[in-house]
Amino acid sequence: MKEKRQSEILRLITEYDIGTQEELALRLKEEGFVVTQATVSRDIRELKLTKVSDGGRQRYRAFHREGTFPEDKYSRVLKEGFSSMGMAENLLVVKTAAGMAMAVAAALDAMNLEEIVGTIAGDDTIMMAVRTRGDTESVMRKIEEIVGYVK
């Protein structure tokens with residue numbers, strides 16, 4: 001049942017612009033699934049869904065599907081959301097467009113860069129812990145290459 005429900009969630013967020021757990025729960029109920037807000041929240045977390053901004057409205061999108069993250073998708077998310085970045089030794093702070101930090105962080109996480117220990121995202125800022133100062137510079141070069149960033 002869980003697999004069917006989660007498969008339906010992926011279908012629904014692809015077909016509709018769903019921006020809240022309540023909207024998602026309502027759509028699932030319309031499709032015959034009995035769900036609570038807690039179930040929907042757990043499914044969102046397990047499916048690694050993230051919200052992306054689309055013309056001022058946020059909506060859920062799946063960036064991790066079966067362990068893959070097609071390069072064109074994360075490149076697009078990085079290019080659309082990226083504003084600037086700066087480093088402090090082994091910490092990298094990435095600034096994004098308002099509301100895009102979680103989506104950009106998900107894209108960065110999906111790159112599976114071994115230099116990155118972890119990411120934390122707010123509304124328009126991401127803090128990344130990187131193994132060393134040299135690794136931070138390497139990650140910055142990789143991001144610059146993807147987004148076409150010029151200092």
Side-chain angles (χ1 to χ4, degrees), residues 1-88 90-130 136 139-140 142-149:
M1 185 60 146
K2 177 179 171 179
E3 286 181 22
K4 286 183 181 180
R5 183 181 64 247
Q6 289 185 349
S7 182
E8 184 65 14
I9 288 171
L10 292 173
R11 184 188 72 78
L12 288 169
I13 66 169
T14 301
E15 288 186 24
Y16 303 100
D17 289 339
I18 298 174
T20 67
Q21 292 181 10
E22 293 79 18
E23 288 176 74
L24 185 53
L26 180 63
R27 292 276 186 184
L28 286 167
K29 288 175 184 174
E30 289 172 356
E31 297 297 323
F33 290 89
V34 179
V35 295
T36 65
Q37 187 275 333
T39 301
V40 171
S41 178
R42 201 169 23 257
D43 285 340
I44 288 169
R45 192 171 48 256
E46 288 176 10
L47 291 168
K48 296 182 173 124
L49 302 183
T50 191
K51 285 188 177 182
V52 296
S53 183
D54 184 25
R57 187 178 192 289
Q58 294 206 345
R59 62 188 176 162
Y60 285 109
R61 285 294 173 252
F63 288 107
H64 297 288
R65 258 185 117 165
E66 299 173 14
T68 63
F69 194 97
E71 192 171 310
D72 61 328
K73 285 188 179 182
Y74 74 73
S75 295
R76 188 182 75 237
V77 170
L78 286 174
K79 286 176 185 177
E80 289 176 5
F82 180 86
S83 292
S84 64
M85 65 183 155
M87 68 178 275
N90 68 317
L91 296 177
L92 179 58
V93 176
V94 177
K95 298 297 282 180
T96 70
M100 289 290 294
M102 289 180 69
V104 172
L108 290 166
D109 286 342
M111 291 170 64
N112 293 317
L113 298 174
E114 62 186 33
E115 301 96 333
I116 299 173
V117 177
T119 58
I120 300 172
D123 181 61
D124 64 354
T125 305
I126 301 163
M127 187 181 86
M128 300 169 60
V130 186
T136 306
V139 169
M140 288 179 73
K142 290 174 184 178
I143 292 171
E144 289 169 350
E145 196 174 299
I146 291 169
V147 300
Y149 180 70

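Look at Glu23 and Arg27 and you find no salt bridge, because none of the NZ, NE, NH1 or NH2 atoms lies under 4.0 Å from a carboxylate O.
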Worked check of side-chain hydrogen bond (donor to acceptor under 3.5 Å, both in side chains) between Glu46 and Gln6
CA-CA 9 Å; Glu46 288 176 10; Gln6 289 185 349; 2.9 Å; yes

Could you please spell out the steps behind the side-chain hydrogen bond (donor to acceptor under 3.5 Å, both in side chains) verdict for Lys95 and Ser84?
CA-CA 5 Å; Lys95 298 297 282 180; Ser84 64; over 6 Å; no

Test side-chain hydrogen bond (donor to acceptor under 3.5 Å, both in side chains) applied to Asp109 and Thr119, step by step
CA-CA 7 Å; Asp109 286 342; Thr119 58; 2.8 Å; yes

Which is it for Glu145 and Lys142 under the salt bridge (Lys or Arg N to Asp or Glu O under 4.0 Å) test, yes or no, and what are the steps along the way?
CA-CA 5 Å; Glu145 196 174 299; Lys142 290 174 184 178; over 6 Å; no

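The backbone N or O of Gly99 sits less than 3.5 Å from a side-chain atom of Gln58, completing a donor-acceptor pair. In this structure a side-chain-to-backbone donor-acceptor pair under 3.5 Å is missing from Glu80 to Val77. Remark: the backbone N or O of Ala97 is not paired with any side-chain donor or acceptor of Asp124 at under 3.5 angstrom. Using modelled atom types, no side-chain atom of Asp17 and backbone atom of Arg59 make a donor-acceptor pair closer than 3.5 Å. No donor-acceptor distance shorter than 3.5 angstrom exists from the side chain of Thr39 to the backbone of Val35, with no hydrogens or angles considered.
Heavy atoms from other residues, nucleotides or ligands lying under 6.0 Å from CD of Glu114 number 12 at most. Heavy-atom contacts from other residues, nucleotides or ligands closer than 6.0 Å to CD of Glu15 number more than 12.
The shortest side-chain heavy-atom distance between Ser41 and Arg45 falls under the 4.5 Å cut-off.
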